[in-house]
Amino acid sequence: MCVKAQHPEREIAVSEVQSLTAFEAIKQQDREAAKKAIAARLFRSGIKHDEPVDLSYVLQEGERVEAITPDAGDEALDVYRHSTAHLLAAAVLDLYPGTQLGIGPSLLGDAKGGFYYDFVRPENARFTPDDLPKIEKKMRDLIKRNLEYKRLEMTKAEAAGKFKALGEPLKCELIEDKAGATVSCYTIEGTPFVDFCLGPHIPSTSKIKAIKLLSIAGAHWKGDESRPQMQRIYGTSFFSQEDLDEWIKQKEEAEKRDHRRLGTELDLFSFSDAIGPGLVLWHPNGALIRKVIEQYLNDELYRRGYSFVNTPHVTQSELFRISGHLENYQEGLYPPMTDKENEQIEYRMKPMNCPFHIQIFKARQRSYRDLPQRYAEYGMVYRYERSGVTHGLMRARGFTQDDAHLFCTPDQLVGEVLGCLDLVDAIFKAFGFTYKAELSVRHATDRNKYIGADDVWELAEKALTDGLNEYGLPYVRMEDEAAFYGPKIDFKVVDAIKRTWQLSTIQVDFTLPQRFGIEYIGADNARHQPIMVHRAILGSFERFFGILIEHYAGAFPVWLAPVQAVVLPISDRFNERAVQIETELKAAGHRVAIDTRSEKIGAKIRDAQLKKIPFMLIVGEKEAEAGTVAVRDKVKGDIGAIPVAEFSAQLKALNDSRALTT
RNA sequence: GCCCGCAUAGCUCAGUGGUAGAGCGCUUCCUUGGUAAGGAAGAGGUCAUCGGUUCAAAUCCGAUUGCGGGCUCCA
């Protein structure tokens, strides 16, 4: 057998060898790479094979390999963490015999950790947080012993028999699910651990350099709530202690930005047990920021030909029976209220605004000349999120959508899509977010789960695609991700610490116009069904505010800051002058506060810094005499004294341009 | 809804069966100062709620509520 081992740059012919392993092949080209390698990338007839392979893989004719070394990024980390998950399971089996194994994959780019393994302990025994250090210690012991990861290939029947004997029914179930005659298993030498696993894995435990177990969580087998719940242990691992430390540091940084913590510290919002879970109280500072955002949105919407509407928070259930929500989203609705005078009638808190906007459309006869109609509303909706899923502002039971519904003719659809794209772009830029677009279309062949005729779907998809192309916005096409009622474009923003959040959506809907029987009179004097577009930019004000708080780490830019500048007199002697300055700036429309406490200037500055106020205006002897303020920028520090009017003009410029930095 | 954990002053948190603590914040007084903490005194708690064990419970047990980490769900 002649096997060619190859380096990306230089091809080296390898002489006749028997059973050349990936490791040996790599070693012949590059001893250093072989030393660092944790797995190998396999090529068959020059084409990269789907799955990477173990270093112990025996090369077949026409195959070549490259080393996967720690600097290979996610590809390497994936193998490495998967192997760490196995190490975790081996340690658990060693410490807690009789534990059943679930699955143990690696996770990449996940805040929860780098891997997990699911377990079931015998006789309802449970892991507690105290167990984590013990397990971690055992993992380190196993690392020190440099134990080999071994791959075993066998028939399905053999594997099933093996796991049955081991008392691993869950593994047997997984094997049953797999197609194909042969399956692979992995062991870690010297431990009781055997796993049904595709691989590949690192050659031995000593490759693992830095580990940390993070948390214990409940998780259902195969994510199915009707199946028993298991205990999941989350952990992470890195190629070096430095990388792990860096990750921990970043995690701490994210925790410092937690909107729930900052919401309390900066007095932005709260929840009250007296009111109920997931129902937000906007405090003056938070509500002010929200008003500023709303005003900005108002301007953008008016300019783009939107009309504002207002609709009630409750409605007779009938409305949502017609829309189909009652049937499909019963679980997510607050329970009904019965009419006091007629038991036949029940009311619901509204989970969506669309049927209300449709009623406005239906309130009179519409001509094609009236279209498009663009109804916008900051509509508060109520969804009964299951207890245990609410999460600060990010997941609330009552929230306010920046909702709009566009009713248009088929010809107008592309234009409306373009308008939405332009709006999305303007708004995300104002807040300093970059973003990505995803076009979700229906399944390529399976059409059963969608409603609406093919030609309408094609029209809608074409309108969205044409819009994206005409606007010049790159996008990812997502097959099989469309809603059952139409295709959509979703937007994901990237925040200051590189996390992504889904915010906006533009959805074409064929269902509701049909269900509610809305129509317009066309130029042909016939009745036609309008096309309806749902669109939200921020999604919900509550969630968007939470994201903004974390994005800015609580330090809002001037145009959003609840207090834009605080006047700090050096001593009581200058309080009077300070009040004058405060009054003058307030009269000019700025949001200004004053600190007349009998504290030293250092303390006043410190407090203003902690409140993240953009500007501090210090007034002492010199400034009082000269009619100036000594300006201290929160970020840049002391930037010198200028006349009050000049500061006012500068602040106005920053505010009006919605500058993100000073 | 489910699994695990947590609940002590406005906030952050000590307190392992025997009369409730700290720092910050708050109030008052002193201090009147030049770019991230001046000093002193004081107020503030049915230890989430309900029940149980005990001579005695913040502390042990059970339930409830809320919060946190996950699972699941997300029109």
Side-chain angles (χ1 to χ4, degrees), chain A residues 111-113 116 118 120 124 126-131 214-234 255 258 260-261 264-265 267 270-278 320 323-333 351-355 381 383-392 394-395 401 483-486 488 502 505 507 509 511-512 534 536 539-540 543 568-575 596-611 616-623 630-634 636-641:
Chain A
K112 293 183 285 264
Y116 66 80
D118 287 344
V120 181
N124 286 328
R126 302 265 170 206
F127 294 112
T128 71
D130 296 339
D131 294 325
L214 300 166
S215 61
I216 300 171
H220 291 276
W221 174 238
K222 291 185 176 172
D224 182 346
E225 277 191 51
S226 65
R227 305 293 299 264
Q229 192 155 33
M230 316 180 71
Q231 273 193 302
R232 173 171 297 179
I233 297 180
Y234 279 97
E255 276 161 21
D258 190 310
R260 293 166 298 187
R261 167 207 279 261
T264 307
E265 280 176 11
D267 200 13
S270 67
F271 294 88
S272 161
D273 291 355
I275 290 169
F320 285 105
S323 72
H325 290 102
L326 211 52
E327 192 183 344
N328 295 316
Y329 300 102
Q330 177 83 246
E331 293 282 294
L333 300 179
M352 297 203 84
N353 301 304
C354 3
V381 297
R383 297 181 185 179
Y384 195 87
E385 299 289 353
R386 301 163 80 184
S387 64
V389 306
T390 58
H391 180 89
M394 303 302 192
R395 190 85 183 262
Q401 294 181 314
F484 70 90
Y485 52 75
K488 60 177 180 173
Q502 152 116 42
T505 185
Q507 308 189 346
D509 186 348
T511 321
L512 289 182
H534 307 250
S540 111
R543 180 163 175 271
L568 306 180
I570 292 280
S571 80
D572 292 356
R573 284 165 51 216
F574 310 106
N575 280 358
T596 53
R597 294 174 307 163
S598 66
E599 285 293 346
K600 299 214 285 195
I601 196 66
K604 293 184 184 184
I605 286 169
R606 181 183 147 82
D607 289 344
Q609 286 288 150
L610 292 177
K611 287 183 188 157
M616 285 152 261
L617 307 177
I618 292 148
V619 187
E621 185 95 47
K622 287 175 288 193
E623 293 80 11
V631 181
R632 183 186 163 95
D633 181 301
K634 174 175 59 71
K636 299 175 190 157
D638 188 354
I639 53 174

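Here is the naming used below: chain letters follow the sequence lines, and residue numbers restart at 1 for every chain. Just so it is clear, the values below take in all heavy atoms, side chains as well, and ignore hydrogens, waters and symmetry mates.
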For [X], which contact category applies under a 4.0 Å heavy-atom criterion: base, sugar-phosphate, or nothing?
X       : value
R260(A) : sugar-phosphate
K604(A) : nothing
E331(A) : nothing
I570(A) : base
Y485(A) : sugar-phosphate
F484(A) : nothing
E623(A) : base
A630(A) : base
G388(A) : base
E621(A) : base
H534(A) : nothing
A219(A) : sugar-phosphate
G620(A) : base
N328(A) : nothing

Determine the interatomic distance between [atom1] on [N] and the same-named atom on [M]; round to the nearest Å.
N      : M      : atom1 : result
A43(B) : U64(B) : P     : 40 Å
C47(B) : A14(B) : C1'   : 13 Å
U16(B) : U12(B) : C1'   : 22 Å
U54(B) : C61(B) : P     : 16 Å
C60(B) : U8(B)  : P     : 15 Å
A48(B) : C11(B) : P     : 13 Å
A41(B) : G25(B) : P     : 16 Å
U53(B) : G62(B) : P     : 15 Å

Practice prompt. For atom CD of E255(A), decide whether the heavy atoms of other residues, nucleotides or ligands shown that lie under 6.0 angstrom number more than 12.
Written response: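 Yes, enclosed.
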Discussion item. Is it true that, when you exclude K604(A) itself, more than 12 heavy atoms of the residues, nucleotides or ligands shown sit nearer than 6.0 Å to its NZ?
Written reply: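 Yes, enclosed.
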Worksheet entry | First and last nucleotide of RNA chain B, 5' to 3', lying under 4.0 Å from heavy atoms of chain A |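 Footprint of chain A along RNA chain B, 5' to 3': G1(B) to A75(B).
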Base paired to [N] (Watson-Crick or G-U; both N/O distances under 3.5 angstrom):
N      : value
A40(B) : U28(B)
A22(B) : U12(B)
U72(B) : none
G34(B) : none
A7(B)  : U65(B)
G17(B) : none
C60(B) : G52(B)

Worksheet item: Donor-acceptor pair, R232(A) side chain versus A217(A) backbone, under 3.5 Å?
Response: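 Not a single qualifying donor-acceptor pair exists.
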Worksheet item: Would you find a donor on one side and an acceptor on the other, under 3.5 Å apart, between the side chain of E623(A) and the backbone of G620(A)?
Response: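 At least one qualifying donor-acceptor pair exists.
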Worksheet item: Taking it one step at a time, do L568(A) and R632(A) satisfy side chain to side chain contact (heavy atoms under 4.5 Å, CB included)?
Response: CA-CA 10 Å; L568(A) 306 180; R632(A) 183 186 163 95; over 6 Å; no
Worksheet entry | Contact nearer the 5' end of RNA chain B, comparing R395(A) with I605(A) |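 Between the two, 5'-proximity favours I605(A).
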Worksheet item: Mapping L333(A) and R232(A) onto RNA chain B by nearest heavy atom, which one lands closer to the 5' end?
Response: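 That would be R232(A).
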Practice prompt. In sequence, state the C-alpha distance, the side-chain angles, and the governing distance for Y329(A) and R383(A), and then conclude on side chain to side chain contact (heavy atoms under 4.5 Å, CB included).
Written response: CA-CA 10 Å; Y329(A) 300 102; R383(A) 297 181 185 179; over 6 Å; no
Practice prompt. Run the salt-bridge test on K222(A) and D224(A) with the 4.0 Å N-O cut-off and return the result as yes or no.
Written response: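 Looking at K222(A) and D224(A), the cut-off is not met.
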Worksheet item: Charged N to carboxylate O below 4.0 Å: is that the case for R573(A) and E621(A)?
Response: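 A salt bridge links R573(A) with E621(A).
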Discussion item. Determine whether L617(A) and V631(A) satisfy the following criterion, side chain to side chain contact (heavy atoms under 4.5 Å, CB included), listing intermediate values before the conclusion.
Written reply: CA-CA 5 Å; L617(A) 307 177; V631(A) 181; 4.0 Å; yes
Worksheet entry | H325(A): partners by side chain to side chain donor-acceptor pair (under 3.5 Å), with sequence neighbours left out |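 Here the qualifying residues are S323(A).
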